[in-house]
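In what follows, every heavy atom counts, from backbone to side chain, and hydrogens, waters and symmetry copies are set aside.
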Amino acid sequence: MSIRRTMKGRRGVAAAAIAAALALTVAGCGSGDGDAKAKESASSKPSASGTPQGDTAAGDEADPNAKLAVVKGAGGMEYTINSVVRDKGGFVTVTGQMKNTTDKAFYEVPSWRGNEQEIISGSGNAVSGGTLVDSQGKKRYYVLRDTDGRCLCTMGIQSVGAGESVPVFMQFPAPPAETTVVDFMLPTFATTSIKISG
């Protein structure tokens, strides 16, 4: 009988010790260090808008509030150019917002394709007709394409609703480093001069 009581007593002490250790462990997890880790984890997540941080298909994400140029096109469309960036790979990426300033939907997206047959068949509704003109070097640069003939530009725009804006980018071969200003052209839009950064 005394042996049983001794064993029960020892088990009770062991259970109490384990419970105390667990309580200390849980308390340690809720310390300031844990909160700092939670904050660090939250800060590394994408923004609430769901926009990925860092590089995108269009190069570095452009500031949508920057306005390097605004060009007006047919059908009440406006293209606001937010960035013109030269990168180390030998490309220039033009990024901006295409806005429908009217109260009717715009369906004439194919007019932005230009007339290169290969790029038309490979890219469908795409903003592939853009060009950069280097007046100093007397050269015209067309939108780049991949090995399947698809343009390195925004594709798949079916229409732009009344008052709506859609992000649009085009990627071109980079002119020589000494060329910092080029003329930007897109079918049905006015021509404008833009400065290359980077």
Side-chain angles (χ1 to χ4, degrees), residues 51-52 55-64 66-102 104-135 137-162 164-176 179-198:
T51 304
D55 291 341
T56 66
D60 291 336
E61 192 174 339
D63 178 1
K67 290 186 180 180
L68 301 183
V70 178
V71 287
K72 296 183 183 297
M77 298 302 295
E78 280 186 359
Y79 185 43
T80 300
I81 299 173
N82 303 127
S83 71
V84 183
V85 179
R86 182 194 304 270
D87 67 24
K88 294 176 183 177
F91 310 118
V92 167
T93 303
V94 176
T95 307
Q97 298 287 321
M98 192 69 77
K99 182 175 183 180
N100 181 351
T101 63
T102 73
K104 295 179 181 179
F106 180 84
Y107 294 98
E108 300 303 315
V109 177
S111 65
W112 303 338
R113 293 187 305 202
N115 55 12
E116 288 184 85
Q117 291 305 311
E118 182 184 347
I119 218 168
I120 288 173
S121 62
S123 303
N125 276 5
V127 191
S128 57
T131 59
L132 297 181
V133 177
D134 175 6
S135 298
K138 298 181 181 178
K139 286 187 179 180
R140 181 184 299 267
Y141 298 90
Y142 293 89
V143 172
L144 291 164
R145 67 194 77 179
D146 65 17
T147 54
D148 293 322
R150 292 186 299 258
C151 74
L152 299 185
C153 66
T154 300
M155 295 187 287
I157 302 174
Q158 300 302 317
S159 63
V160 183
E164 289 185 353
S165 295
V166 292
V168 167
F169 84 94
M170 289 157 265
Q171 201 165 54
F172 303 88
T179 300
T180 57
V181 176
V182 290
D183 290 332
F184 172 77
M185 298 178 181
L186 184 65
T188 76
F189 284 80
T191 300
T192 187
S193 292
I194 51 178
K195 186 173 183 179
I196 302 172
S197 63

Tell me, do [X] and [Y] make a side-chain contact under 4.5 Å, heavy atoms counted?
{"X": "P110", "Y": "N125", "result": "yes"}
{"X": "V70", "Y": "Y79", "result": "no"}
{"X": "V85", "Y": "V92", "result": "no"}
{"X": "S128", "Y": "C153", "result": "yes"}
{"X": "Q171", "Y": "T95", "result": "no"}

Backbone N/O of V160 and side chain of N100: donor-acceptor pair under 3.5 Å: yes
Heavy-atom donor-acceptor pair, S197 side chain to V84 backbone, under 3.5 Å: yes
Using every non-hydrogen atom in the two residues, find where [X] and [Y] come nearest and quote the distance to one decimal.
{"X": "T102", "Y": "G76", "answer": "CG2-CA, 3.7 Å"}
{"X": "V182", "Y": "P175", "answer": "CG1-CG, 4.1 Å"}
{"X": "V168", "Y": "T154", "answer": "CA-OG1, 3.3 Å"}
{"X": "V71", "Y": "A190", "answer": "CG1-O, 3.6 Å"}

Report the distance from atom [atom1] of [X] to atom [atom2] of [Y], rounding to the nearest 0.5 Å.
{"X": "T80", "Y": "K99", "atom1": "OG1", "atom2": "NZ", "result": "8.0 Å"}
{"X": "M170", "Y": "T131", "atom1": "CE", "atom2": "OG1", "result": "9.5 Å"}
{"X": "L144", "Y": "C151", "atom1": "CG", "atom2": "SG", "result": "10.0 Å"}
{"X": "L68", "Y": "F184", "atom1": "CG", "atom2": "CZ", "result": "11.5 Å"}
{"X": "L132", "Y": "Y142", "atom1": "CG", "atom2": "OH", "result": "11.5 Å"}

Results of side chain to side chain donor-acceptor pair (under 3.5 Å) for K72 - residues two or more places apart only: E78
Ring centres under 6.0 angstrom apart (Y107, W112): no
K104: partners by salt bridge (Lys or Arg N to Asp or Glu O under 4.0 Å), with sequence neighbours left out: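 Result, salt bridge (Lys or Arg N to Asp or Glu O under 4.0 Å) vs K104: none returned.
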Qualifying residues under salt bridge (Lys or Arg N to Asp or Glu O under 4.0 Å), relative to E164, sequence neighbours excluded: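 None.
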With sequence neighbours excluded, residues passing side-chain contact (heavy atoms from CB on, under 4.5 Å) with P167: Q97
With sequence neighbours excluded, residues passing ring pair (Phe, Tyr, Trp, His ring centres under 6.0 Å) with Y141: none
Residues I194, I196; criterion side-chain contact (heavy atoms from CB on, under 4.5 Å); working and verdict: CA-CA 7 Å; I194 51 178; I196 302 172; 5.8 Å; no
Derivation and outcome, side-chain contact (heavy atoms from CB on, under 4.5 Å), residues V94 and F169: CA-CA 5 Å; V94 176; F169 84 94; over 6 Å; no
Residue pairs, two or more places apart or on separate chains, that pass side chain to side chain donor-acceptor pair (under 3.5 Å) and touch residues 179-192: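 Residue pairs with at least one partner in residues 179-192: D134-T179, D183-S193.
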Step-by-step side-chain contact (heavy atoms from CB on, under 4.5 Å) determination, F189 to M98: CA-CA 11 Å; F189 284 80; M98 192 69 77; 3.4 Å; yes
